[in-house]
Amino acid sequence: MTPDTACKNQCFFPAASMALIVQKFGGTSVGSVERIRNVARRVAKWKAAGHDLVVVPSAMAGETDRLIGLAREIQALPDPRELDVVAATGEQVTIGLLAMALMDRGVKARSYTGWQVKIVSDSAHNKARIVSIDQQRIRADLHEGYVVVVAGFQGSTATATSPRSGAAAPTPRRSRSPRRSRRRVHIYTDVDGVYTTDPRLVPEARRLRYITFEEMIEMASAGSKVLQIRAVEFAGKYRVPTRVLSSLTDPALPVEEEAQAGTLITFEEDPHMAMEKAVISGVALNRNEAKITVHGVPDRPASRTPSSARSPTRTSTSTSSCRTSATTA
């Protein structure tokens, strides 16, 4: 980035609007060396605008599946602790490569694994939950002007094992500092925001400019795959505005333009919606459900109905799967 570009970005964001931003990049966003370089260009752009940045990349696309496959070739049912040890290496590779890509662009960067931070989790291997995050090391590096790159899906217990956590990204906690109070989360994926429904199935689907945390949690729990439900809950708990953006856009896109792109998840309703107006924000799709309808069953407790008096039944089913919902007529 040239000094002129950095100056323009800094002029657009006056000192009062500088923020602490957590940027989360999914596996597709860091799926190759060139894409990691593009992430570095994007991060450098936001750093030049004067923001403090904590970047949380996933493992490169397909890498976690490859590592789990190797573990299953060795052991049919891998030991949970050792599976965590193997799977956690995917994110460790990415944070090192991204830190080097940032350094190559003249940006001070430092990478940390989850247990170096330290992110403390419970001891439930393969599905751990975060207990606490020690911010001291991250805050010190931010104060010295570093971009801090933290491995996603990692934590450590008090006994120093390393269960993988299901949380998508560390979320900035509350702070009394006016500058630190401006906290944001950017989640970069391979889509440019949250749509009213899956655009791959419905070409007419529209991108939402705004959506509330409550609506996003509802859509995520109903099958929307844009965001993990626990990530939305975590950001909502600490009231951190979260913006969903595409990592496949031009990384040189001006900061002021990218800051308004994608979908903003907030506690405030869309200002363009009239008060008390009933609206449907989106429609989520879940293919892993089956509906079973039973016809001709008398509306009486089964235990009191003689078997000879029971009506014949007709049952219609769709393809069975993980979860089943049933209705009785």
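Just so it is clear, the values below take in all heavy atoms, side chains as well, and ignore hydrogens, waters and symmetry mates.
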In short, Tyr195 meets Ala205 closest at the heavy-atom pair CD2-O, 3.7 Å
Pair Glu91-Thr64, side chain to side chain contact (heavy atoms under 4.5 Å, CB included): steps then yes or no = CA-CA 9 Å; Glu91 285 81 11; Thr64 299; 4.2 Å; yes
### Task
Please examine the side chains of Val117 and Ile138, heavy atoms only from C-beta on, and report whether any two atoms are closer than 4.5 Å.
yes
Lys24 and Tyr188, any side-chain heavy atoms less than 4.5 Å apart
no
Taken to the nearest 0.5 Å, the spacing of Leu248 CG from Thr28 OG1 works out to 7.5 Å
Determine, for Lys118 against Asp134, whether the closest basic-nitrogen to carboxylate-oxygen distance falls under 4.0 angstrom.
no
Fit a plane to each ring of Trp46 and His51, take the angle between them on a 0 to 90° scale, and name the class: parallel (under 30°), tilted (30 to 60°) or perpendicular (over 60°).
tilted
Interatomic distance, CD@Gln23 vs NZ@Lys47, rounded to 0.5 Å, equals 11.5 Å
In this structure, CZ of Arg184 is separated from NE2 of His186 (nearest 0.5 Å) by 6.0 Å
**Study point:** Heavy-atom side-chain contact between Leu142 and Leu20 under 4.5 Å
**Key:** yes
Notebook entry, point to check: Are a donor atom and an acceptor atom from the side chains of Thr89 and Gln92 found within less than 3.5 Å of each other?
Noted result: no
- Item | Under 3.5 Å donor-acceptor, Gln116 side chain and Thr113 backbone | yes
query = Would you say Arg42 and Thr249 make side-chain contact, with heavy atoms under 4.5 Å?
reply = yes
Taken to the nearest 0.5 Å, the spacing of Arg37 CZ from Asp104 CG works out to 7.5 Å
Report task. Applying side chain to side chain contact (heavy atoms under 4.5 Å, CB included), run through Leu245 and Ile187 and close with a yes or a no. Result -> CA-CA 6 Å; Leu245 297 159; Ile187 297 182; over 6 Å; no
One should read off an interatomic distance between Asp141 CG and Asp52 CG, to the nearest 0.5 angstrom, of 11.0 Å
Q | More than 12 heavy atoms of other groups within 6.0 Å of Glu144 CD | A | yes
Taking side chain as C-beta onward, heavy atoms only, is Thr157 less than 4.5 Å from Val131?
no
In this structure, CD1 of Ile74 is separated from CG of Asp79 (nearest 0.5 Å) by 13.5 Å
Problem set entry | Validation row: Asp190, Ser29 side chains within 4.5 angstrom (heavy atoms) | no
- Query: Is Arg129 salt-bridged to Glu233, going by a charged N under 4.0 Å from an acidic O?
  - Reply: no
